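Here the structure is a predicted model, which is why all the values come from computation and not from measurement. For the numbers below, each heavy atom of this structure counts, side chains included, while hydrogens, waters and symmetry mates do not.
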Protein chains: 2
Amino acid sequence: MTKVIIIGSGNVAQHLIAAFQNSQNLGAEIELVQVFSRQTGSVSHLLDLSQITNDLDTLAEADLYIIAVSDDAIEVISSQLPFKNRLVVHTSGSVPLKVLDDNNRKGVFYPLQTFTKNKAVDFRTIPICLESENATDYQLLDKVAKSISDKIFAINSEQRKALHVAAVFVNNFTNHLYQIGQEICQEHQVPFEILNPLITETAQKIMLLSPSEAQTGPAKRNDNATIEAHEAFLSNENHLKIYKTLTQSIQENGKKL
Amino acid sequence: MTKVIIIGSGNVAQHLIAAFQNSQNLGAEIELVQVFSRQTGSVSHLLDLSQITNDLDTLAEADLYIIAVSDDAIEVISSQLPFKNRLVVHTSGSVPLKVLDDNNRKGVFYPLQTFTKNKAVDFRTIPICLESENATDYQLLDKVAKSISDKIFAINSEQRKALHVAAVFVNNFTNHLYQIGQEICQEHQVPFEILNPLITETAQKIMLLSPSEAQTGPAKRNDNATIEAHEAFLSNENHLKIYKTLTQSIQENGKKL
């Protein structure tokens, strides 16, 4: 049995706990032996109280410690671990491996997904990006990751940074465009839900076509009459600024081809 | 039987033809009697040659003529129809109803979706936005639309304009963000496919939460250290400009709450 301990109790920690419990129930040779949480109450709906500790000094022995806390807490908590030369990883997309304390062997176990409280996700479809300092540790991370996901990638810190920035564009910024769409609908008394199938299809389309092949719309076809009409229609200065910036970017792309 | 004729042979026309044929096969009381296409070959894989004409003067009599051509061709083709006082609609999100020629009764039959050649869509889930000049014509449009879709909305020209602009944000601009994500991945030798589950989840999330509730990321939590690191990481001036514009917009939104 490979023993795993999770340090943290936020969104990522909770989804990881659930994923390991699932795989354990299905017979995986990975055992989630303990969870560290400052407030034991925040994970007590997921585990027996006997498996939860709020004292780092009572951490059990394990093959892998997964620090799933906010980015700025990773360094401090890794330096407070009361043991040496064990494998300690964090789950962040934007924090380099080297931020972890030198007392232990370092690694990264980064599930690339947006986790929502109380919304279950199928962990087996979530890509997990792994990094370690040596091959033996990588093998262990690979084994643990494969127990909960079918999509494992070896990704170094520089590549992970690129992925994280790309994720900001396709997730955070895309969601913000959804919000602007909703604001425009609200202003004109149109139900935003009418756009739901379009949003779904836009996301599904790039599983078949490259984004460049999938691009449509007035900017793509240099339909300046429609662009001008849209710009005149947008009463919100901020919406207009974003419309112009993205339209120009699509048009510049077209010139490059 | 309600008789329908489609004028046009592009993406929207072809998907409409397939949808009406499907519903006809399932016993709907709507009959697609004819299609007008300048090049009869472009729809000959969908219908019998006897149902296709390339001569407006040979258009059959029907209860509804659906003009599914590019935006700038709608006005001209509606003025060339060799009959009067019949119901003629267009399928565009951005063209006002009044652009149609005064010789016939006007309406709009706007399926709000992005159509890809050779990619089937489930038409029953596609919202169709209807507009007409009088209640009797609306009833006919409603009957025809219901034969191919479960989501029918009465939307006037002003609301349709808002929907179309909102659609540019959630579809065209979102797809462009996907492309930037892909460019960042390519530059750093990371497979873009790693982001697919994130893209899917981002789109699915707003079916449950409002975009404002679903917003996450460094801009949302005012994580300036990460924002600065991302800005330093982006070597492409255009990517950087879009990163800054959208980050600022998310941060301004946060202040308003």
Residue list, side chain to side chain contact (heavy atoms under 4.5 Å, CB included) with A/A19, at least two apart or on another chain: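 Counting only residues at least two positions away or on another chain, A/A19 forms a side chain to side chain contact (heavy atoms under 4.5 Å, CB included) with A/F123, A/I148.
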Winner by heavy-atom pair count (cut-off under 4.5 Å) against chain B, out of A/G217, A/C185, A/A225: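 Top option by heavy-atom pairs under 4.5 Å: A/G217.
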Trace of the side chain to side chain contact (heavy atoms under 4.5 Å, CB included) decision for A/V170 with B/L177: CA-CA 6 Å; A/V170 305; B/L177 295 183; 5.5 Å; no
Heavy-atom proximity to chain B below 4.5 Å, by part of A/L163: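 For A/L163, the contact with chain B is made by backbone and side chain together.
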Can you tell me which portion of [X] sits under 4.5 Å from chain A's heavy atoms? Options are side chain, backbone, both or neither.
| X | answer |
| --- | --- |
| B/F173 | both |
| B/V121 | side chain |
| B/L246 | both |

Given the options [options], which has more heavy-atom pairs under 4.5 Å with chain A than any of the others?
| options | answer |
| --- | --- |
| B/G181, B/A219, B/A229 | B/G181 |
| B/I199, B/L234, B/I194, B/V190 | B/I194 |
| B/L198, B/V165, B/I184 | B/L198 |

Student check: side-chain heavy atoms of A/L112 and B/P197 closer than 4.5 Å: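 Answer no - side chains too far apart.
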Please tabulate, one pair per line, the donor and acceptor atoms of chain B and chain A that lie under 3.5 Å from each other, or say none if there are none.
unit_1	atom_1	unit_2	atom_2	d
A/Q113	NE2	B/P197	O	3.2
A/T114	OG1	B/K205	NZ	2.6
A/T116	OG1	B/K205	NZ	3.0
A/K119	NZ	B/E201	OE2	3.0
A/Q159	NE2	B/Q189	O	3.1
A/H164	ND1	B/H230	NE2	3.0
A/N171	OD1	B/T202	OG1	3.2
A/N172	O	B/Q215	NE2	3.0
A/N172	ND2	B/T216	O	3.1
A/N172	ND2	B/T216	OG1	3.3
A/N175	ND2	B/P211	O	2.8
A/N175	ND2	B/Q215	OE1	2.8
A/H176	N	B/Q215	OE1	3.4
A/H176	NE2	B/S249	OG	2.5
A/Q189	O	B/Q159	NE2	3.1
A/P197	O	B/Q113	NE2	3.2
A/E201	OE2	B/K119	NZ	3.0
A/T202	OG1	B/N171	OD1	3.2
A/K205	NZ	B/T114	OG1	2.6
A/K205	NZ	B/T116	OG1	3.0
A/P211	O	B/N175	ND2	2.8
A/Q215	OE1	B/N175	ND2	2.8
A/Q215	OE1	B/H176	N	3.4
A/Q215	NE2	B/N172	O	3.0
A/T216	O	B/N172	ND2	3.2
A/T216	OG1	B/N172	ND2	3.3
A/H230	NE2	B/H164	ND1	3.0
A/N238	ND2	B/S249	OG	2.7
A/K241	NZ	B/Q248	OE1	3.2
A/Q248	OE1	B/K241	NZ	3.2
A/S249	OG	B/H176	NE2	2.6
A/S249	OG	B/N238	ND2	2.7

Spatial distance of atom CD1 (B/I206) from atom CG (A/L195) [nearest 0.5 Å]: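 Interatomic distance, B/I206 CD1 to A/L195 CG, rounded to 0.5 Å: 8.5 Å.
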Residue pairs passing the salt bridge (Lys or Arg N to Asp or Glu O under 4.0 Å) test where at least one lies in residues 6-18 of chain B, sequence neighbours excluded: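 Sorted result for residues 6-18 of chain B: empty, none.
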Pair listing, ring pair (Phe, Tyr, Trp, His ring centres under 6.0 Å) test, anchored in residues 201-229 of chain A, at least two apart: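 For residues 201-229 of chain A, and leaving out neighbouring residues, there are no ring pair (Phe, Tyr, Trp, His ring centres under 6.0 Å) pairs at all.
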